[in-house]
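Please read all numbers here as calculations on a predicted model, not as lab measurements. In the text below, chain A, chain B and the rest are named by the order of the sequence lines, each starting its count at 1.
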Protein chains: 2
Amino acid sequence: MQIPRSESGEACVNKKKQQTEQTKKKIADAARGLFAQKGYKATAIEDIVKAVGCSAGNIYYHFKNKEGLFLHLLEEWNTEWDRNWLVKEKLYLTITDKLYGMVEYLAHDQLNHPLTRAADEFFNNAEKAPDVEERINVMVKGYIDFNRQLLQKGIDSHEFEITNVSGHAIILDSLLLGLSQHCRRMERDEALAAYRLAMDVFLQGIAKPKH
Amino acid sequence: MQIPRSESGEACVNKKKQQTEQTKKKIADAARGLFAQKGYKATAIEDIVKAVGCSAGNIYYHFKNKEGLFLHLLEEWNTEWDRNWLVKEKLYLTITDKLYGMVEYLAHDQLNHPLTRAADEFFNNAEKAPDVEERINVMVKGYIDFNRQLLQKGIDSHEFEITNVSGHAIILDSLLLGLSQHCRRMERDEALAAYRLAMDVFLQGIAKPKH
DNA sequence: TATAATACTGAATGAATGTTCAGTGATATA
DNA sequence: TATATCACTGAACATTCATTCAGTATTATA
């Protein structure tokens with residue numbers, strides 16, 4: 001790894017870096033669209049090649065392989081989601097509201113961003129290299145941790161009264177994961193209603209017992 | 001379709017019918033094991049051929065194609081499940097207990113019967129012929145109807161007090177669907193605990209508000 | 001300017017595998 | 001016994017597709 005000298009060399013070194021970044025982005029953008037539209041397996045490298053207008057070799061120059069390209073897209077999507085959520089989160093005061101806001105955003109994001117379908121196809125595919133398995137595990141842990149933190153905050157603020165936080169974090173993720181699969185068979189409004197109802201049930205399910 | 005004359009011809013006609021049934025069963029059994037072990041896509045017809053000891057053509061003589069064979073296994077599994085549940089159900093008096101019993105049985109069945117994994121792979125695969133899509137839709141509707149009926153009974157017996165029965169039926173199925181996917185990353189005991197906790201949350205989530 | 005490093009090409013590779021079909025032997029029917 | 005139906009064979013077919021790599025073009029370095 002070389003660091004360009006900031007005075008003279010910068011523009012020159014950047015020309016390559018910029019080119020790489022630009023190409024990577026072009027590939028990623030085309031791939032994202034195709035994966036979302038056709039699914040993971042049904043999208044051939046050849047399709048991406050045509051869409052980008054570059055060679056197949058170039059894709060393998062910038063990404064390890066098809067799996068690596070797809071994982072890159074998923075990780076990009078996750079960081080983007082986190083970034084946006086950090087802004088939205090501030091709009092809600094209670095954790096209960098945050099959870100409602102979260103599923104609302106999640107539902108909108110998934111409904112507008114059909115990479116979910118390809119992701120489910122990818123995650124549920126049985127044949128996976130160990131390094132891929134590992135990157136998926138990290139992602140799943142991330143989702144559950146996200147839930148855990150939210151739930152913990154709700155406990156701290158005395159909105160819920162659960163003890164098994166990790167367990168409930170998985171329950172919540174399961175609910176949302178299953179729902180995202182069912183929502184494929186629904187209209188938009190129906191799907192949004194289902195997400196809200198799911199959160200109703202979950203929140204009542206972890207609510208403090210009324211005395 | 002010819003009906004064998006019961007007196008003289010029976011044994012003769014049955015010889016073919018029996019052979020067909022026997023072969024179909026042999027293929028189904030071998031395929032079930034392989035799909036469960038290796039997943040849907042990773043199981044080649046060739047593998048099944050080797051396991052059964054018959055020709056590839058024979059499989060296509062008895063089943064329309066690979067998808068048809070797999071769907072046959074799923075439908076077989078479902079009817080078996082229903083048949084067993086009908087017996088078990090009687091052990092539980094309240095609907096609440098029935099629901100706990102149901103997830104318990106579901107969890108055991110899925111943990112012992114790893115066809116679930118292949119099923120998820122199959123269901124989540126993007127490329128499906130229209131007739132396959134249809135058979136899957138029928139199955140999914142069946143799962144939701146099953147939940148709906150249980151919930152309706154719980155309403156009739158005044159155990160719950162929900163109005164949107166169909167919606168809750170989907171929520172319950174989502175929860176169980178998502179959970180079955182998470183449980184792949186768990187130990188057996190952990191998975192069983194997760195199923196129970198899920199039902200705790202769901203039941204409290206639809207419980208009558210205490211006055 | 002010469003050399004090195006980088007970005008990119010695209011045809012060739014190579015393996016996997018679902019499905020078919022002409023043909024064979026066994027079984028039922030007349 | 002002759003004919004028709006059925007259960008079965010298995011090699012060949014047809015297609016798909018991720019991945020590689022020897023070589024070219026562009027850009028940076030000394």
If you only use heavy atoms from C-beta on, which nucleotide in dT20(D), dG18(C), dT27(C) is closest to the side chain of K15(B)?
dT27(C)
Can you find a side chain N or O atom of S55(B) that sits less than 4.0 Å from OP1 or OP2 on dG10(D)?
no
Passes side chain to side chain donor-acceptor pair (under 3.5 Å), Y143(A) versus N78(A)? Steps please.
CA-CA 9 Å; Y143(A) 303 148; N78(A) 282 340; 3.2 Å; yes
Mind checking whether W81(B) and Y105(B) have parallel, tilted or perpendicular rings, split at 30° and 60°?
parallel
Hey, which of these two, T20(B) or A56(A), hits DNA chain D nearer its 5' end, going by closest nucleotide?
T20(B)
Rounded to whole Å, how long is the line connecting atom CD of Q18(A) with atom C1' of dA7(C)?
14 Å
Nearest-nucleotide pick for I45(A), side chain only, options being dC8(D), dT20(C), dA18(D)
dA18(D)
Between atom NZ in K50(A) and atom C1' in dT16(D), what is the gap in whole Å?
12 Å
Rounded interatomic separation in angstrom, taking CD from E67(A) and P from dC17(D):
16 Å
Would you indicate, yes or no, if dA7(D) has its OP1 or OP2 atom less than 4.0 angstrom from a side-chain nitrogen or oxygen of T23(B)?
no
For Y60(A) and dA22(D), give me the distance from atom OH to atom P, rounded to whole Å.
18 Å
Nearest-angstrom distance from the residue atom CG of N65(B) to P of dC21(C):
14 Å
Report the distance from atom NZ of K64(A) to atom C1' of dT20(D), rounded to the nearest whole Å.
15 Å
Do K66(A) and Y40(A) meet the cation-pi criteria used here (NZ or CZ under 6.0 Å from the six-membered ring centre, within 45° of the axis)?
yes
Rounded to the Å, how far apart are E46(B) CD and dG10(D) P?
11 Å
Closest nucleotide among dT20(C), dC8(C), dT27(C) to the K16(B) side chain
dT27(C)
Pairing of D29(A) and K25(A) as salt bridge, 4.0 angstrom limit:
yes
Considering only dC17(D), dG10(D), dA7(D), which nucleotide approaches the side chain of A44(A) most closely?
dC17(D)
Would you say dC8(D) has OP1 or OP2 under 4.0 Å from some side-chain N or O of Q19(B)?
yes
Considering only side-chain heavy atoms of K66(A), which listed nucleotide, dT19(D), dT9(C), dT19(C), is closest?
dT19(D)
Does the plane of the ring in W77(B) sit parallel, tilted or perpendicular to the ring in H113(B)? Use 30° and 60° as the thresholds.
parallel
Given atom CG of N58(A) and atom P of dC21(D), what is their separation to the nearest angstrom?
17 Å
